[in-house]
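To start, the structure under review is shown below, and the notes come after it.
Both ligands and their constituent atoms are indexed starting at 1 by order of listing. Residues: numbered from 1 along the sequence shown.
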Amino acid sequence: MNSTCPPFRIKVVEPIPVTTREIREAALQQAGYNLFRVPAQKVGIDLLTDSGTGAMSAAQWAHAFEADEAYAGAQSFQRFERTVRAITGMEQVLPVHQGRAGERIVFEVVVREGDLVPSNHAFDTTRANLERRGARVIDIPHPSSRDPLAPAPFKGDIDLERLEEILRTSTSRIPLVLITVTDNTGGGQPVQPSNVVAAARLCKQHGIPMWIDAARFAENAGLVLERDPESRGRSPREIARQIFDLADGALMSCKKDGMANIGGFVALRSRELYERLAEVTIATEGFVTYGGLAGRDLDAIATGLEEALDPGYLTHRLGQVRHLHASLTALGIPCVTPPGGHAVFVDAGALLPHIPADRFPGHSLALELYREAGIRSCEIGTLMFCGGKDPKPPDSELLRLALPRRVYETAHLDYVAAALGRIRGRARELPGYRILEGHGPLRHFTARLEPVPA
Ligand code: F0G
C-alpha cells in the first residue's frame, strides 16, 4: 500500500470555502495579521494544525452513536479504559477533555515552584502549564536536530549526555522527565526506542519518573518501523508498547493519534498518584469516568486509537507527509529533513534570510501563503517560543504545514506545493512583522501584528 492508494474511500464531503485575494487581504488586516484570528470560513485549505481536525471513520461514528452517556461508570468509559490499558499497559486511566487538561492536572499534583523539567522538546502548552506552576523546562533535543537539513533518522531523540549531566548536577528538584513522541516542536521527528530505553535507565538511576507525551505515539511507531533496523518486522502496536512500557505515565491528546475531534487521557501505573489526580480531575474537569468528555467522544477515541495503529493507515499517513515534502523539495523549498509524521516544516529562516528572527520569517511566510492561496499554516519559531520566561531562541525559524488525518487528497497537497513554489520566486519581497499587542508564552495565539518592510 503506498500513498497513491489510500486505505479508505470518501463517504461524506464538505465544500471548501472559496475566497479572493481581496477578501483574504482584508481578513488579514482585520485579524491583526494573526492567522489564529482569521475565521475558518475564509480559509480554503486548513493546515494550521492536525489537532482535532481529522475525519472520523464510519466505525467511529457508529460507535459514537451507540455510546452510553451515563454520568458514572458508562460502558463507553469501560471501552475507552480497556483500549487505553491494552495499548499503554498502564492500569490507571483518567479521561480528560484534551491534552493540556491532563498536563494541568498532573503538573498541579507533581510539580512545585522552582522545579526543573528536562524534555526532548516540550510542546508550547506543556511549557506554559509547567511555567504556570513556577517550574522551568529545559529542552535537550538530540544535537542532530539542530541542523534542519541533516538527514538523521531520529531527530526526536533526547540528548542523553545532557540528560545525564542535568540529572547528576541539577540543584533544582526534577519531578519528571518528559519525552514527547513524536517531537512536534522539532518537526514531528520520531524518537527511537533505544533512546527511550537509555533515558529510562538514567531516570531510574536517579529515582526520577519518566513520562511520555504520547500525542503522536502511533506516527512515532510508524516512523520507527520505517527507520529503525532494530524494529524491523514488528507491528506499530508492539513498538508503541515498548515505549509505554518504559514510562511511569503518559499524557495524551486524543485530538491527534486518538483520531477524534476532542479528548485526551492521563495513564499511569501508580494507584496512589491516580487517587491524587482523580481529586483534581473531579474538581476541575469532570467525574473520573468521563473527564469533560461525552460518552460518544470516549467511544470515538476507543475506536480511533486502534485505527491509528493500523499499518495500512500509517503507511498512507506517512506517505502523504513524504509526498508534500518531496514536492516542496523538488521546487527548491528548504524543509526540515527527513519529513516527520504529521507535518512538513519549511525552513522559513533559510527561505527568507532577509528577515531577522525577531521579525518572524516563519510568520511572514504563513501570512503570504494565506494571501496567495487561502492556505492556513502556522509559525513554529521566535513568535511562538520567545514570549515566555527566559526565552531561548529556537534553532530554526519554521513554517508548519500540518496535515489533518484522512481529510485532504494528494491534489490538495499539490496545490499547496505549487503556491509555495510561486512565493519562493518573490521571497525577497516579503516583509517582516512587529507585535503591536500580546505577550507571554502563548502570545502567538492572540497577538496583533503589523508588517514592517524588511
Ligand atoms: N502535546 C503535544 C506534543 C501537542 O502537539 C499538543 C497539541 C499537546 C500536547 C496539547 O494537546 O491540544 O489536546 O490540548 N498540539 C496541537 C498542535 C495544538 O497544533 O500541534 P491539546
Please confirm whether Glu103 comes under 4.0 Å of ligand 1, counting heavy atoms of the residue only.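 Checking ligand 1 against Glu103, which is what was asked, there is a heavy-atom contact under 4.0 Å.
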Ring centres under 6.0 angstrom apart ([X], [Y]):
| X | Y | result |
| --- | --- | --- |
| Tyr290 | Phe77 | no |
| Tyr433 | Phe360 | no |
| His316 | Phe8 | yes |

Find all atoms of ligand 1 within a distance of less than 4.0 Å from any non-hydrogen atom belonging to [X], and give their numbers and elements.
| X | answer |
| --- | --- |
| Gly99 | 11 (O), 13 (O), 14 (O), 21 (P) |
| Thr180 | 3 (C) |
| Lys255 | 13 (O) |

For [atom], grab the closest protein heavy atom and report residue, atom and distance to one decimal in Å.
| atom | answer |
| --- | --- |
| atom 13 (O) of ligand 1 | Ser253 OG, 2.6 Å |
| atom 21 (P) of ligand 1 | Gln98 NE2, 3.3 Å |
| atom 8 (C) of ligand 1 | Phe123 CD2, 3.4 Å |
| atom 10 (C) of ligand 1 | Thr125 OG1, 3.6 Å |

Side chain or backbone of Arg100 under 4.0 Å from ligand 1, or both, or neither, by non-hydrogen atoms? both
Tell me, do [X] and [Y] make a side-chain contact under 4.5 Å, heavy atoms counted?
| X | Y | result |
| --- | --- | --- |
| Thr446 | Glu437 | no |
| Arg24 | Tyr370 | yes |
| Asn120 | Ile140 | no |

From atom 7 (C) of ligand 1, work out which of Arg400, His121, His342, Lys256 has a heavy atom at the shortest distance.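 Considering heavy atoms of Arg400, His121, His342, Lys256, the nearest to atom 7 (C) of ligand 1 sits in Lys256.
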Option whose closest heavy atom lies nearest to atom 5 (O) of ligand 1, chosen from Asn184, Thr185, Asp213, Ile380: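 Selected option, by shortest heavy-atom distance: Asn184.
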Could you tell me whether Arg296 atom CZ has more than 12 heavy atoms of other residues or ligands within 6.0 Å of it?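 No, because the 6.0 Å sphere around CZ of Arg296 holds 12 heavy atoms or fewer from other groups.
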Indicate yes or no: does an N/O atom of Arg216 lie under 3.5 Å from an N/O atom of ligand 1? yes
Working to the nearest 0.5 angstrom, can you tell me the gap between Arg269 CZ and Asp245 CG? 6.0 Å
